[in-house]
Amino acid sequence: MKEIMALTKLFINESWGFSKFLYNRTNNKKAFYKQLVPMIIVPIALIPAFFMYVSFYIALYAGLRMINQTSVFLSVGYILTIALIIIFGIMYILSEFYFSKNIEELIPLPILSRNIIISKFLSILVSEYVFTALIFVPALIIYGVGEGMGFVYACLSILMFLTVPVLPLALLTALIMLIMQSASIKGRQDMLRIIFAFLGIALIMSVQVWFGNHMGNANNVDFQNLMNNLLKNNESLLNTIGYFVPTSLLLAWTLNKITLMSLAWAASSVAINIIAFALMVLVGKRFYIKSIVRGKIIKKGKRLSQIETQKALGKKSHGVMAIFSMDLRLLLRTPIYFFNNVSVVIIVPACLLISLSFIKLTPEDFNSIRNFYTEMPILVNFILIAFFIFFGATTATTATTFSREGKASWLTRMIPISSKDQIIGRTSVAVIIESLGIVFTLIGVSFYIPLTLLSLVLTVILGILGSLPILLFGLFMDMNHPLLDWDNPQKAVKNNMNVVTTLFVGMAYIGLLLAVSGLLGYFINPWLGYGLFSVISGIMTVVFYKIIDKRLAVKLLNFE
Amino acid sequence: MLKLEQVSKTYGNKSEKAVDNISFQVYPGEIFGFVGPNGAGKTTTIKMIVSLLAPNSGKIIINGIDNQKNILEAKKQFSYVPDNPELFEKIKGIEYLKFMADVYEVPVAERQQLIEKYLAVFEIKEAVNDPIGSYSHGMKQKLALVGALIHDPQLFVLDEPMVGLDPKASFELKKIMREHCDRGRSVFFSTHVLDVAEKICDRIAIIKKGKIIEVGTMAEIREKAGSQESLENIFLELTE
C-alpha cells in the first residue's frame, strides 16, 4: 500500500508539476508568477461559465419538477458526467499509460507491476475527481436541496460521487490495454490514438442522434399518451434512460429516496466499481507491462537508394516553406496536436451536418431558407464569415506554435531564419487548416443554400482576412509565453494559457467587429460593412505583424 | 573568429551569476576546448554564443558580427550541436537534413554531396528515412552533427560532443574537427573528457563557478601551473 501511495504521489506530482512550482517559488520568481497567475485567472475567468452550467441544472430540475420527473434528474447528470469522462479519459489514459516516459524508468525497479498499474490509474482518477466535482456535484446539491434531503443523503452522495468516474475509467483502461497490446497495431500507435479520440466523439454523437430519433418517434406515436404517462408515473423517464445506462439506475435508486434499500443499492454500486477496477488490474497485469517491454515500435521507412536520397534533398526551398512544412508535419503527425488543433475543422462541420440531417425539411422550408438568403445575403455572408473565423480562433495553431516544439525548440531558435519567414510560415499552417474547415463548411452549406459566386469569394476572403489578427495575436502570445518544458505533448496544448487567452480575446474582438460591420452593412450599405470589416482586419493584421516582426528575434533569445 | 568580452549571465536568483564577466577569444584555424566541473557555466556560455540565451552584459562577436545586434547574420556564421540533441521525433532523418539545408540556403549539388559524405562517415545512411523517434541517443547525435556540417560553418560549436558517440564516430568527429580548422575555420567545444581536450585542442579555457580561471595552450597552462602533469591533474588542482 505504501508503494502504491508513493507511486501515485509521484505520478500526480509529475502531471501537475507541484515540485517545480515550489522550486520556482524560492529559486525562480519569474517562472513562479508565470505559473501562479493562470492558476488564479483561469478559475476566475471560468466562474461565469460555471454559473451558466449550474443555472442549466437548476432550470432542468425546475422543468422536470413540473412534469413530475425529478427522479431522472440525477441520472441525466450522471450520464453527462460519464460521457465527458469517456471523452477526456481516452487522452488521459493513453498519455499516462502509453506515452509517458516514466514507465521506462519504473520497469527496471523492484516494483510490482500491479502497483504501477494501480498507481497510474489512481493518478488519472484524482484528476477525474476534480473534473467530476465540477460537473456532477452541482446536480447532487441541487437535487438534495430541492427534495429537502438530509444527512444520510449527503453521506451517500459523497460515496456515489467517489464511485462515478471509477467504472467508466476502469473499463476504458482495460479496453485500451487490450487493443494496444494487439499485434496488428505494431507501429501504428499514433494512428490508433487519433482513432480512439474520434471514436469517443462518435459515441457521444450516436447517443445524441439516438435521443433525437427516440424523441421524434415518441412524438409521432402519441405525444398526449406519453405526457400522461410521464405525469402519472414518476419513474417512467428514469426507466427509459436506465435501460440504456443501467448503472444510472443504481445511482437513482440510492439517492432519489433515502430508505434502508438505499444502503443496499449503494453497496451494489460500490461492488460493481470494485469488480471493474479488479478487472482493469487483471487485464493490465496480463497485457500492459508486456506491451511496454515489447518495445516502442515505430514504423520505419524504406531504405533509400542514392538517387532517392538525392531526390529527397533535391529541391531547394525558401525559409518560409521550410518552417511551414516542418510545422505542418509536426501538427499532422503528432496525434495530440492533430486532435486538438486540426480535428475541430472536421468535427464541427460534420456535427452540424449530421444534426441538420435529422431535421426533416419540406420543400417549403428549403424555399424559405433560400428566400431568406436572397433577401438578406449580407446576414448569411457575415454568419459564414463568423463561422470561418471561429475555426481560426479555435484551432489554436499559432497560439501553440513554439510550445509544440518543446525541448526541440532550440533548433528553430538557433537557425538563421528571419522573423518574417517565421511569421509567414507558421501563420500559413493555421490558414491552411482553417481553409480545410472553410471547404467542409461550404460543402455542407451547399446542401441547403445555393451560394452565389460573389458570396463564396467574399466569405472566403473576409473569413481568412478576419482571422489573421487572431492568428497573429496567438503567435504573439506564444512568442511571449511559450510552454516548452513538458514531458508529454498533451501539456503543450492542454496546459497552455495562450490557447485560452487567444480564444477569449479573439472571439471578443471579432464579435465586436462583426456586429459593427454587420449592422453598418445591413442598415446603410452592404459594401460599407464589408469595407469596414476589411479595413479594420487589414490594419490589425499589419499592426500585429509589425510588432511580432520587431520583437521575435529578441524574444527567441529569452525562451529559457 | 569568436570573441567574448566581459560576458555575464544570471538566472532567476539575481545574486548568483551563472557566468561571471568572462572574456576570451577563439582564433581562426583553432580548436578551442572549454572545460570545467558540472554547473561551472559551460552550457550557459555556449547557449549565449549560439543565441539561445541573452547575456545580461557583455558582447559576443562571431566572425566580426555582434550576436546581439545582428542576430540573423551572426546565426549564419556557426553551427551548434547540443549535448543532448532533442530533435523533432515525428520527422524523418532525411526531412530534418533537408530542413537544415534549406534554412542555411545550401545549394542543391553541395547539400547532396555533403549529406552523402557525412551520412556515410557516421554510418546512419540506412536510418535516414526513419522517424527520428526511432533513433538511439547516439544516432540522434550523429544526425544533428550531419545537419550542423551541411553548410560548412565558420564556427562549429559543440557541447559535450563525444558523449553518446561510439568509438568510430568519436574518432571521425575528431578528424572532421581538425580538417575543419585546417581550412581556416574554428571549433569551440566543451568536454569532460580531459584526455580528448589535451590531445586535440590548440587552446583550452577552464571555467569554475562562472569565471575563467585559466586559458591558453597546454604548454602555457602547464607553465602557469608550474607542473608538467596531465591536464586532468592540473584541472583537479585548479578546480578544487
Side-chain angles (χ1 to χ4, degrees), chain A residues 24 26-32 187 190 296-304 306 308-319 321-323 325-326 329-335 337 404-419 421 489 553-554 556-560, chain B residues 11-14 47-48 50-55 67-68 71-80 82 84-108 111-113 115-116 119 125-135 144 147 151:
Chain A
N24 286 340
T26 45
N27 296 294
N28 193 346
K29 292 281 180 202
K30 200 178 159 190
F32 171 70
D190 281 351
K296 193 177 165 189
I297 303 155
I298 296 174
K299 203 182 175 203
K300 296 204 169 191
K302 68 163 189 154
R303 199 180 155 182
L304 295 181
Q306 191 174 351
E308 284 170 326
T309 308
Q310 294 202 339
K311 202 178 160 194
L313 296 166
K315 210 176 148 202
K316 196 177 159 189
S317 304
H318 189 271
M321 270 311 289
I323 290 289
S325 45
M326 184 62 86
R329 279 180 179 134
L330 283 175
L331 203 59
L332 298 181
R333 291 181 192 174
T334 313
Y337 301 156
R404 289 196 307 267
E405 292 177 356
K407 285 174 186 146
S409 75
W410 66 272
L411 188 72
T412 46
R413 291 161 52 210
M414 178 207 67
I415 52 175
I417 286 277
S418 68
S419 300
D421 291 354
V554 177
L556 291 179
L557 290 173
N558 294 299
F559 268 22
E560 289 178 49
Chain B
Y11 287 110
N13 194 341
K14 300 276 180 198
K47 283 186 172 176
M48 288 192 286
V50 301
S51 302
L52 290 177
L53 272 180
N67 85 343
Q68 298 299 299
I71 301 172
L72 200 62
E73 274 310 303
K75 284 178 174 178
K76 288 180 183 170
Q77 310 305 314
F78 65 80
S79 264
Y80 165 59
N84 182 20
E86 298 267 4
L87 303 173
F88 301 123
E89 304 254 310
K90 306 288 175 189
I91 301 298
K92 290 178 178 182
I94 191 81
E95 291 167 345
Y96 170 76
L97 294 176
K98 184 180 183 307
F99 173 75
M100 293 300 275
D102 284 339
V103 296
Y104 285 100
E105 297 172 359
V106 183
V108 172
R111 69 170 70 173
Q112 287 174 340
Q113 184 225 325
I115 289 173
E116 281 283 339
L119 285 177
K125 209 168 174 226
E126 286 183 20
V128 79
N129 199 33
D130 297 339
I132 296 172
S134 69
Y135 287 19
H151 71 110

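In the text below, chain A, chain B and the rest are named by the order of the sequence lines, each starting its count at 1.
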Under 4.5 Å from any heavy atom of chain A, what part of [X] do you find: side chain, backbone, both or neither?
| X | value |
| --- | --- |
| Ala54(B) | both |
| Met48(B) | neither |
| Glu73(B) | neither |
| Ile94(B) | both |
| Val103(B) | both |

Separation of [Y] [atom2] from [X] [atom1] (nearest 0.5 Å):
| X | Y | atom1 | atom2 | answer |
| --- | --- | --- | --- | --- |
| Leu556(A) | Ile71(B) | CG | CD1 | 8.0 Å |
| Thr309(A) | Leu97(B) | OG1 | CG | 10.0 Å |
| Glu86(B) | Leu411(A) | CD | CG | 11.5 Å |
| Leu53(B) | Trp410(A) | CG | CH2 | 14.0 Å |

Exercise for the section: Check side-chain contact (heavy atoms from CB on, under 4.5 Å) between Pro416(A) and all other residues, then give those that pass, not counting sequence neighbours. Expected result: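 side-chain contact (heavy atoms from CB on, under 4.5 Å) check on Pro416(A) returns Leu72(B), Lys75(B), Lys76(B), Tyr104(B).
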
Over all heavy atoms of both residues, which pair between [X] and [Y] is shortest? Give the atoms and the distance, please.
| X | Y | value |
| --- | --- | --- |
| Arg413(A) | Leu52(B) | NH2-O, 2.7 Å |
| Val50(B) | Met414(A) | O-CG, 4.0 Å |
| Lys316(A) | Val106(B) | CD-O, 3.9 Å |

Practice task
Test Phe99(B) against Thr412(A) for side-chain contact (heavy atoms from CB on, under 4.5 Å), laying out the working first.
Solution key: CA-CA 10 Å; Phe99(B) 173 75; Thr412(A) 46; 4.2 Å; yes

Handout entry: Glu308(A), part contacting chain B, at a heavy-atom distance under 4.5 Å
Key =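 Nothing of Glu308(A), per the 4.5 Å heavy-atom cut-off to chain B.
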
Problem - Side chains of Ile415(A) and Tyr80(B) in contact at under 4.5 Å (non-hydrogen atoms) - result: no

Practice task
Would you mind reporting whether Leu313(A) and Glu116(B) have side-chain heavy atoms less than 4.5 Å apart?
Solution key: no

Practice task
Return the set of residues passing salt bridge (charged side-chain N to carboxylate O under 4.0 Å, His left out) with Glu95(B) (not counting sequence neighbours), or none when no residue passes.
Solution key: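 Arg329(A), Arg333(A).
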
Exercise for the section: Could you check which of His318(A), Met326(A), Met321(A), Lys407(A) has the highest count of heavy-atom pairs closer than 4.5 Å to chain B? Expected result: Met326(A)

Exercise for the section: Output the option from Gly93(B), Ala144(B), Pro82(B), Pro107(B) having the highest count of non-hydrogen pairs under 4.5 Å with chain A. Expected result: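 Among Gly93(B), Ala144(B), Pro82(B), Pro107(B), the one with the most close pairs to chain A is Pro82(B).
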
Exercise for the section: Return yes if some donor-acceptor pair links the side-chain N/O of Gln310(A) with the main-chain N/O of Gln112(B) below 3.5 Å, else return no. Expected result: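 Absent.
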
Problem - Main-chain N/O of Lys315(A) paired with Lys98(B) side-chain donor or acceptor, under 3.5 Å - result: yes

